[in-house]
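Have a look at the structure below before the remarks.
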Number of protein chains: 2
Amino acid sequence: MNTKNAPALHELAQDFREALRHSVYLVRRLDADGDLSAAQLSTLKMLLDDGVRVGEIARNLGVRVPSATEQIIKLERAGLARREADPDDSRAVRVVLTAEGRGAVESANQRRNAVMAGILESLTDDDRRALAAALPVIEKINSTLQN
Amino acid sequence: MNTKNAPALHELAQDFREALRHSVYLVRRLDADGDLSAAQLSTLKMLLDDGVRVGEIARNLGVRVPSATEQIIKLERAGLARREADPDDSRAVRVVLTAEGRGAVESANQRRNAVMAGILESLTDDDRRALAAALPVIEKINSTLQN
DNA sequence: TCCTAACTATTAGGATACCTAAGTATGAAC
DNA sequence: GTTCATACTTAGGTATCCTAATAGTTAGGA
């Protein structure tokens with residue numbers, strides 16, 4: 001892999017920023033599709049680990065607690081999630097998926113993945129390899145921001 | 001580079017989608033900083049080529065024309081852009097940057113790049129190479145969506 | 001020529017998702 | 001047991017996007 005010099009930091013930063021900015025359109029395309037908004041799907045996905053606190057959800061999504069509450073209330077009204085008392089701490093609320101919510105995550109994921117797969121179809125094998133190699137790096141970057 | 005098999009399309013699609021979804025937080029971090037919102041900076045950047053039509057801006061940003069108009073009006077009120085009659089077509093409007101607008105793009109870019117560089121600082125050389133190799137692929141993907 | 005259809009942009013009205021600030025209830029520390 | 005911190009909700013406001021309706025301009029065919 002060490003066949004090229006590592007790129008200069010400030011250039012890489014600028015190019016990566018551009019790429020992310022341009023990807024806004026791609027993300028919109030993926031989310032335009034379904035019956036579940038991007039924010040709601042993200043929130044639902046947090047619940048795949050059962051019994052998550054509101055504050056935890058907010059922190060993982062990178063939003064403030066009231067925004068998380070708002071989404072959860074919507075999901076609850078849609079019958080996709082349920083709020084339960086935390087047995088250990090009466091201040092806290094544990095949010096769980098309903099069966100319907102689990103199905104909604106599943107199908108929304110599949111639909112979006114299909115759209116993305118259609119978009120990536122035209123990539124060459126080299127392109128795919130290059131993209132796949134970068135994804136763990138991007139996840140590494142993102143994971144450093146989680147606090 | 002051909003040392004691994006190319007990843008399966010549907011897995012790559014899913015992983016890339018995850019990576020983009022997780023990057024929302026990173027993008028928010030970059031944009032939280034400045035005095036110029038993400039939407040406004042994106043719109044301003046479109047104007048670096050002088051005399052761009054409203055419809056062209058909208059198309060390039062991947063939004064509808066009224067949304068572009070809205071941003072342009074804000075930028076105009078802030079003294080960063082100016083709308084001018086198109087000499088060739090009286091229906092059309094050409095939007096141009098003011099000197100102040102040009103400065104604003106410059107400084108907003110620099111600030112965001114500095115934040116991003118700080119975040120990327122901890123990457124290894126291999127990480128940087130992998131990321132840099134994927135950026136043209138991502139741009140290729142994005143460019144296929146521009147219509 | 002003139003009429004119609006297509007195009008360009010704006011205005012109006014509404015939805016979503018985020019924010020801060022303030023309020024309620026519970027827990028923990030002394 | 002008072003006080004401070006924590007967990008969540010409620011209230012109010014802002015930014016960005018959308019669709020539908022409107023006004024003005026251009027272009028093409030009868």
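Per chain, numbering begins at 1; letters A, B, ... match sequence-line order.
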message: Can a donor-acceptor pair be found, under 3.5 Å and without considering hydrogens, that links the side chain of B/Gln40 to the backbone of B/Gln71?
response: no
task: Check the distance between D/dA20's C1' and B/Arg64's CZ and give it to me in whole angstrom.
output: 13 Å
query: Can you pull the contact range of chain A along DNA chain C, 5' to 3', using atoms under 4.0 angstrom from its heavy atoms?
result: C/dT16 to C/dG27
field: Rounded interatomic separation in angstrom, taking CZ from B/Arg28 and P from D/dA15
entry: 17 Å
- request: Only counting residues at least two apart or in another chain, list the ones meeting side-chain contact (heavy atoms from CB on, under 4.5 Å) with A/Val54.
  value: A/Val65, A/Ala68, A/Thr69, A/Ile72, A/Val93, A/Val95
message: Taking side-chain hydrogen bond (donor to acceptor under 3.5 Å, both in side chains) as the definition, give me every residue that meets it alongside A/Glu11, ordered by chain and number, with sequence neighbours left out.
response: none
task: Measure from the side-chain N and O atoms of A/Ser23 to the backbone N and O of A/Leu26, and report whether any donor-acceptor pair falls under 3.5 Å.
output: no
query: With sequence neighbours excluded, what pairs up with B/Ala38 under the side-chain contact (heavy atoms from CB on, under 4.5 Å) test?
result: B/Asp31
message: Any N or O donor-acceptor pair under 3.5 Å from the base of D/dT26 to the side chain of B/Arg91?
response: no
Partners meeting side-chain hydrogen bond (donor to acceptor under 3.5 Å, both in side chains) with A/Asp15 (sequence neighbours left out): none
Output a table of donor-acceptor pairs, distance under 3.5 Å, between side-chain atoms of residues 44-53 of chain B and any protein atom two or more places apart or on a different chain; print 'none' if there are none.
residue, atom, partner, partner atom, Å
B/Lys45, NZ, A/Glu18, OE2, 3.2
B/Lys45, NZ, B/Asn109, OD1, 2.9
B/Asp50, OD1, B/Arg102, NH2, 3.1

Sequence-distant partners of A/Gln110, side-chain contact (heavy atoms from CB on, under 4.5 Å), two or more places apart: A/Glu106
- request: Quick one: label A/Val93 by what it contacts on the DNA or RNA (base, sugar-phosphate, nothing), any heavy atom closer than 4.0 Å.
  value: sugar-phosphate
query: Any side-chain N or O of B/Ser90 less than 4.0 Å from the OP1 or OP2 oxygen of D/dG24?
result: no
task: Nearest whole angstrom, please: distance from the C1' of D/dC18 to the CG of A/Asp31.
output: 15 Å
query: For B/Ser90, which residues count as a side-chain hydrogen bond (donor to acceptor under 3.5 Å, both in side chains) partner, sequence neighbours excluded?
result: none
query: For DNA chain D, what residues of residues 66-84 of chain B have any heavy atom nearer than 4.0 Å?
result: B/Pro66, B/Ser67, B/Glu70, B/Gln71, B/Lys74
- request: For A/Val65, report the nucleic acid contact type (base, sugar-phosphate, nothing); a contact means any heavy atom under 4.0 Å.
  value: base
message: So if I take the C1' atoms of five pairs at each end of the helix from C/dT1-D/dA30 to C/dC30-D/dG1 and get each local axis, what angle do the two axes make, rounded to 10 degrees?
response: 10°
query: Could you state the CG-P distance from B/Leu41 to D/dA15, rounded to the nearest angstrom?
result: 16 Å
task: Output yes when a side-chain donor or acceptor of A/Arg128 lies under 3.5 Å from a complementary backbone atom of A/Glu121, and no otherwise.
output: yes
message: Restricting to side-chain contact (heavy atoms from CB on, under 4.5 Å), what partner residues turn up for A/Asp35, sequence neighbours left out?
response: A/Arg111
message: If I take atom CG in residue A/Asp89 and atom P in nucleotide D/dA5, what distance separates them, rounded to the nearest angstrom?
response: 17 Å
- request: Identify, with sequence neighbours excluded, every residue that meets side-chain hydrogen bond (donor to acceptor under 3.5 Å, both in side chains) alongside B/Lys74.
  value: none
task: Could you check how far CZ of A/Arg59 sits from C1' of D/dA7, rounded to whole Å?
output: 13 Å
field: Contact nearer the 5' end of DNA chain C, comparing A/Asp88 with A/Gln40
entry: A/Gln40
message: By the 4.0 Å heavy-atom rule, please label B/Asp86 as base, sugar-phosphate, or nothing.
response: nothing
